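What follows is a set of notes on a single structure, which appears directly below.
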Amino acid sequence: MTEKRIARVWKRASKTWDRSRVPPAFDEGTRWDRVEQAGRHIGARRRTISHLEDGLQIDEVFALAEGDFVGFWSTSMHLTAPPEPTWTAYSFAVGDNDKISIERQDESAIPRFGIYSTLAQVPFEAGHLKATSLLDDRSGMVQEDCHLVSVGWDDEVNGQWWRIDQYHDGDRMAAYWLDAQHRLMRSDWEGATLQYVESESDALGDLAPSLSGVFADQQSDSTEEVPGDEQP
């Protein structure tokens, strides 16, 4: 069995942790983001959260049609069970290249493209600062002096969203907006804006068919039938 097929079996058989304690930000399911830069639609992101026997798994696929990088990358993160999930293993791949797998060693380190689980747990307390390290997904190297700063409800963007800024070496490198349930609704990162949308079609829009097909290809493993899984 593949890793994803095993994960699906675990999910169905599991009764080892209380699912009623899952914060809304970690509800099982798939969410889409539309990526824009200077008013142009340049890409999309899909985030899928799965409930496993021993915790959670967050899978993301990010595809860009314009900019410094054209193509896609994917990440997969395993976390302990809620209410305070902590990541234990992480993998990253550019395109169809082999995945780079990383096990957690530095408790404060956040993977560069796997920040969601940490953001969702930052308190909504204006001025709260969380010191972290930044883990480079491709090399596994850790960069120190990274901070997440809890700012407040942002009337300029959306008064119902809480803003969190990310700093590295004293410079702001990204900003994030979360709804009242701590779900990520928008990100401003390196000149691009990622905004949550209601559907896959809203996220993909007029992207090139070849790039849109990336998401279907990356989904194929998770939709394989598992032998013996038929419902009575």
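One-based numbering along the sequence shown. As the structure is a prediction and not an experimental result, all values here were calculated from the model. Hydrogens, waters and symmetry mates play no part in the numbers below; they use all other heavy atoms, side chains included.
For the residue pair Asp206/His41, the side-chain donor-acceptor check at 3.5 Å is satisfied. Thr48 and Asp59 form no side-chain donor-acceptor contact under 3.5 Å, judged by distance and modelled atom types alone. Inspection of the Thr193 and Glu36 side chains reveals no N or O donor paired with an N or O acceptor under 3.5 Å.
Residues Met185 and Arg31 have side chains in contact (heavy-atom distance under 4.5 Å, counting atoms from C-beta outward). Residues Ile164 and Lys130 fail the side-chain proximity criterion, which asks for heavy atoms closer than 4.5 Å. The shortest side-chain heavy-atom distance between Ser133 and Ser108 falls under the 4.5 Å cut-off. Using a 4.5 Å cut-off on side-chain heavy atoms (C-beta onward), Asp27 and Ile49 make no contact. Between Phe92 and Ser101, every side-chain heavy-atom pair lies at or beyond the 4.5 Å cut-off.
Side-chain atoms of Asp154 never come within 3.5 Å of backbone atoms of Asn158 as a donor-acceptor pair (strictly under, hydrogens ignored). Checking side-chain atoms of Glu28 against main-chain N and O of His51 turns up a donor-acceptor pair under 3.5 Å. Looking at Ser150, its side chain does come within 3.5 Å of a backbone N or O of Pro123 through a donor-acceptor pair. No side-chain donor-acceptor contact under 3.5 Å links Arg34 to the backbone of Leu204. For Asp145 (side chain) and His168 (main-chain N/O), no donor-acceptor pair under 3.5 Å exists by modelled atom type.
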Hey, mind stepping through Leu194 and Arg45 against side-chain contact (heavy atoms from CB on, under 4.5 Å) and telling me if it holds? CA-CA 8 Å; Leu194 290 76; Arg45 178 175 63 186; 3.5 Å; yes

Let's go through His182 and Val122 carefully: what are the C-alpha distance in whole Å and the side-chain angles of both, what is the deciding distance for side-chain contact (heavy atoms from CB on, under 4.5 Å) to 0.1 Å, and is it a yes or a no? CA-CA 9 Å; His182 291 243; Val122 173; over 6 Å; no

Check the pair Leu79, Ile58 against side-chain contact (heavy atoms from CB on, under 4.5 Å), reporting the backbone distance first and the verdict last. CA-CA 8 Å; Leu79 302 99; Ile58 300 179; 3.8 Å; yes

Run the side-chain contact (heavy atoms from CB on, under 4.5 Å) check on Arg46 and Thr30 step by step: do they pass? CA-CA 7 Å; Arg46 182 186 68 207; Thr30 296; 3.5 Å; yes

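When all heavy atoms of Pro82 and Leu56 are compared, the pair lying nearest together is CG-CD1, 3.9 Å. Listed here is the closest heavy atom pair of Pro24 and Gln181: CB-CB, 3.6 Å. For the residue pair Trp153 and Gly159, the shortest heavy atom distance occurs at CB-O, 3.7 Å. Of all heavy-atom pairs between Leu184 and Tyr196, the closest is O-CB, 4.3 Å. A pairwise comparison of heavy atoms in Leu178 and Ala120 identifies CD2-CA, 4.0 Å as the closest pair. Across Glu60 and Tyr116, no two heavy atoms sit closer than the pair OE2-CB, 4.2 Å.
In terms of hydrophobic clustering, with Ile, Leu, Val, Met, Phe, Trp and Tyr side chains grouped at heavy-atom distances under 4.5 Å, Tyr167 and Leu129 are assigned to a common cluster. Residues Phe113 and Val142 are members of one and the same hydrophobic cluster, defined by side-chain heavy-atom contacts under 4.5 angstrom among Ile, Leu, Val, Met, Phe, Trp and Tyr. Tracing side-chain contacts under 4.5 Å through hydrophobic residues (I, L, V, M, F, W, Y), one reaches Ile100 starting from Trp87; they form part of the same cluster. Leu207 and Val197 fall within a single hydrophobic cluster, where Ile, Leu, Val, Met, Phe, Trp and Tyr are joined by side-chain heavy atoms under 4.5 Å apart, directly or via other members.
Among residues two or more places apart in sequence or in another chain, the salt bridge (Lys or Arg N to Asp or Glu O under 4.0 Å) test is passed with Asp188 by Arg186.
Atom CD in Gln143 sits 5.5 Å away from atom CG in Leu134 (nearest 0.5 Å). If you take CG on Asp54 and OG1 on Thr80, they are separated by 9.0 Å, rounding to the nearest 0.5 Å. Note that the CD1 atom of Ile115 and the CG atom of Leu135 stand 11.5 Å from one another [nearest 0.5 Å]. Taken to the nearest 0.5 Å, the CE atom of Met77 stands 9.5 Å off from the OG atom of Ser91. Rounded to the nearest 0.5 angstrom, Gln166 CD and Ser187 OG are separated by 10.0 Å. Between Trp177 atom CH2 and Trp162 atom CH2 the span is 14.0 Å, to the nearest 0.5 Å.
A cation-pi arrangement, defined by a distance under 6.0 Å to the six-membered ring centre and an angle within 45 degrees of its axis, is present between Arg19 and Trp17.
Heavy-atom contacts from other residues, nucleotides or ligands closer than 6.0 Å to CD of Gln160 number 12 or fewer. When the shell of 6.0 Å around CG of Asn97 is examined, it contains more than 12 heavy atoms from other residues, nucleotides or ligands.
Residues Phe62 and Phe72 place their aromatic rings such that the two centres sit no closer than 6.0 Å. The ring of Trp32 has its center closer than 6.0 angstrom to the ring center of Phe215. Aromatic pair Tyr176/Trp161: centroids not less than 6.0 angstrom apart.
The pair Arg172-Asp165 counts as a salt bridge, with a side-chain nitrogen and a carboxylate oxygen less than 4.0 angstrom apart.
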